[in-house]
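In listed order, ligands and their atoms are each counted from 1. We number each residue from 1, following the sequence as shown. Keep in mind that this is a model prediction, so the values were computed, not measured. Below, all heavy atoms of this structure are taken into account, side chains as well, without hydrogens, waters or symmetry copies.
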Amino acid sequence: MDRILLSVTGFNPHRWQELLAQDREVVLEPDGSNDPSIRYAVVWKQKPNVLARLPNLKAIFSIGAGVDHILADRTLPDVPIVRVIDPNLTQHMVEYIVWRVMDHHRQGLAYRAQQARKVWNERAQRTAQDISVGIMGIGALGSAAAKALTSLGFHVNGWSRTERKVSGVNAYHGESGLIPFLNSTDILVVLLPLTDQTRGIINYELLRELRRRNGLGGAVLISAGRGKLHKDADILRALEDGTLKEASLDVFEQEPLPKTSPIWGNPKVFITPHAAATSNPAHLVRPMLEQMRAADEGKPLLNLVDRAAGY
Ligand code: NDP
Ligand code: OXD
């Protein structure tokens with residue numbers, strides 16, 4: 001009987017194990033080393049060298065949409081990697097992006113500060129049509145967020161690596177498209193994958209290029225891609241000197257965000273603990289098992305990672 005290796009760090013995989021086991025026998029790492037009956041691995045931040053020791057591994061399934069946690073293992077065997085593209089995960093991310101855009105747009109941080117001081121003061125209102133949201137990384141999640149934002153009336157810009165058309169979105173791509181994209185963006189939403197090209201991309205110089213004449217009172221950063229896209233110190237500097245008015249951060253250079261980080265206490269920052277879109281086994285295990293069955297029948301796997309591109 002073919003078996004699945006489940007290898008995760010950072011959370012309890014019990015529910016994943018239970019649901020995967022409906023279809024196949026599941027081995028929880030650290031068991032399963034060198035096991036020739038393991039054909040598939042389901043992983044989140046697997047320990048290095050675990051997958052390289054499986055002689056008959058046929059494919060790796062990521063528990064998340066991002067796969068930097070898998071590719072970081074330099075001993076990774078040369079088998080296909082399947083990532084998550086799923087309506088439930090997408091819905092979570094769309095909700096997070098719309099929530100954070102609307103909160104900044106409707107001045108939620110300022111009103112919460114006023115409430116804490118019992119201040120009754122109506123602030124100037126803008127409509128969505130006055131604001132351009134720029135989505136850096138307009139892939140599966142970014143394009144769904146763009147659709148929701150355009151339906152609310154926001155102008156939406158999108159930046160991708162390759163040329164890509166998304167309905168209702170002003171499209172920019174590649175290095176030459178980056179500055180024009182930023183120059184016409186008031187609220188920057190970061191949904192890029194972490195790759196060798198994108199590591200550290202959200203730095204002070206990039207944030208300086210955002211538009212700051214929008215009536216929001218300054219540019220806004222919403223970041224939910226990966227923390228290592230950031231230079232956290234640069235984001236703080238930009239908030240300090242007014243380059244950024246506010247930020248919503250879901251991901252951080254170091255996670256969990258250390259208790260000593262000055263980001264915690266910054267009143268211009270809204271923090272969530274890498275919780276924008278959580279992978280739910282109740283939605284994700286069934287398609288994984290279906291893909292395993294299809295692969296057993298020789299059918300092609302879907303949602304494959306391009307290892308050369310790194311996502
Ligand atoms: P996709 O692969 O569908 O989209 C990625 C987008 O980024 C594409 O548009 C791609 O361009 C673009 N991109 C990649 N590299 C570059 C580059 N060098 N320059 C410009 N654009 C680039 O990924 P998803 O939308 O599914 O997910 C995006 C990321 O969101 C994940 O990798 C993960 O890190 C993060 N995530 C975070 C979660 C959270 O809870 N915080 C939850 C889920 C995901 P192109 O279209 O040309 O390929
Ligand atoms: C993901 C995540 O990549 O949750 O899916 O970060």
Enumerate, one pair per line, all nitrogen or oxygen atoms of ligand 1 lying under 3.5 Å from a protein nitrogen or oxygen, stating the separation to 0.1 Å; write 'none' if no such pair exists.
{"residue": "ligand 1", "atom": "2 (O)", "partner": "Arg83", "partner atom": "NH2", "Å": "3.4"}
{"residue": "ligand 1", "atom": "3 (O)", "partner": "Arg83", "partner atom": "NH2", "Å": "2.8"}
{"residue": "ligand 1", "atom": "3 (O)", "partner": "Ala140", "partner atom": "N", "Å": "2.8"}
{"residue": "ligand 1", "atom": "9 (O)", "partner": "Ile138", "partner atom": "N", "Å": "3.2"}
{"residue": "ligand 1", "atom": "9 (O)", "partner": "Gly139", "partner atom": "N", "Å": "3.2"}
{"residue": "ligand 1", "atom": "11 (O)", "partner": "Arg161", "partner atom": "N", "Å": "3.1"}
{"residue": "ligand 1", "atom": "11 (O)", "partner": "Tyr311", "partner atom": "OH", "Å": "3.4"}
{"residue": "ligand 1", "atom": "21 (N)", "partner": "Arg161", "partner atom": "N", "Å": "2.9"}
{"residue": "ligand 1", "atom": "25 (O)", "partner": "Ala140", "partner atom": "N", "Å": "3.3"}
{"residue": "ligand 1", "atom": "25 (O)", "partner": "Leu141", "partner atom": "N", "Å": "2.9"}
{"residue": "ligand 1", "atom": "26 (O)", "partner": "Arg83", "partner atom": "NH1", "Å": "2.8"}
{"residue": "ligand 1", "atom": "26 (O)", "partner": "Arg83", "partner atom": "NH2", "Å": "3.2"}
{"residue": "ligand 1", "atom": "34 (O)", "partner": "Gly225", "partner atom": "O", "Å": "3.3"}
{"residue": "ligand 1", "atom": "34 (O)", "partner": "Arg226", "partner atom": "NH1", "Å": "3.2"}
{"residue": "ligand 1", "atom": "40 (O)", "partner": "Ala277", "partner atom": "N", "Å": "3.0"}
{"residue": "ligand 1", "atom": "40 (O)", "partner": "Ala277", "partner atom": "O", "Å": "3.3"}
{"residue": "ligand 1", "atom": "41 (N)", "partner": "Ala224", "partner atom": "O", "Å": "3.0"}
{"residue": "ligand 1", "atom": "41 (N)", "partner": "Asp250", "partner atom": "OD2", "Å": "2.9"}
{"residue": "ligand 1", "atom": "46 (O)", "partner": "Arg164", "partner atom": "NE", "Å": "2.6"}
{"residue": "ligand 1", "atom": "46 (O)", "partner": "Arg164", "partner atom": "NH2", "Å": "3.2"}
{"residue": "ligand 1", "atom": "47 (O)", "partner": "Arg161", "partner atom": "N", "Å": "3.2"}
{"residue": "ligand 1", "atom": "47 (O)", "partner": "Thr162", "partner atom": "N", "Å": "2.6"}
{"residue": "ligand 1", "atom": "47 (O)", "partner": "Thr162", "partner atom": "OG1", "Å": "2.5"}
{"residue": "ligand 1", "atom": "48 (O)", "partner": "Tyr311", "partner atom": "OH", "Å": "2.5"}

Are Tyr40 and Asp296 linked by a side-chain donor-acceptor pair shorter than 3.5 Å?
yes
Would His14 and Asn12 count as having a side-chain donor-acceptor pair, cut-off 3.5 Å?
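No, no side-chain donor-acceptor pair sits under 3.5 Å.
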Does the Asp250 side chain pair with the main chain of Ala275, one donor and one acceptor, at a distance under 3.5 Å?
yes
Among Val133, Leu221, Ile222, the one residue meeting side chain to side chain contact (heavy atoms under 4.5 Å, CB included) with His104
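Passing option: Ile222.
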What's the verdict on ring-ring contact (aromatic ring centres under 6.0 Å, His included) for His173 and Phe181, showing C-alpha distance, side-chain angles and the deciding distance?
CA-CA 8 Å; His173 72 278; Phe181 162 81; over 10 Å; no
Check ion pair Glu246-Lys268 (N to O, under 4.0 angstrom):
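Lys268 and Glu246: not salt-bridged.
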Pairwise, report which nitrogen or oxygen atoms of ligand 2 are under 3.5 angstrom from protein nitrogen or oxygen atoms, and how far apart they are.
{"residue": "ligand 2", "atom": "3 (O)", "partner": "Ala65", "partner atom": "N", "Å": "3.3"}
{"residue": "ligand 2", "atom": "3 (O)", "partner": "Gly66", "partner atom": "N", "Å": "2.8"}
{"residue": "ligand 2", "atom": "3 (O)", "partner": "Arg226", "partner atom": "NH2", "Å": "2.7"}
{"residue": "ligand 2", "atom": "5 (O)", "partner": "Ala65", "partner atom": "N", "Å": "2.7"}
{"residue": "ligand 2", "atom": "6 (O)", "partner": "Arg226", "partner atom": "NH1", "Å": "2.8"}
{"residue": "ligand 2", "atom": "6 (O)", "partner": "Arg226", "partner atom": "NH2", "Å": "3.4"}
{"residue": "ligand 2", "atom": "6 (O)", "partner": "His274", "partner atom": "NE2", "Å": "2.6"}

For a quick test of reading the model, state the closest non-hydrogen atom pair linking Pro267 to Leu109 and the distance between them.
O-CD2, 3.6 Å
Where is the tightest heavy-atom contact between Ser279 and Trp16, given as atom of each residue plus distance?
O-CZ2, 3.9 Å
Would the His69 and Trp44 ring centres measure less than 6.0 Å apart?
yes
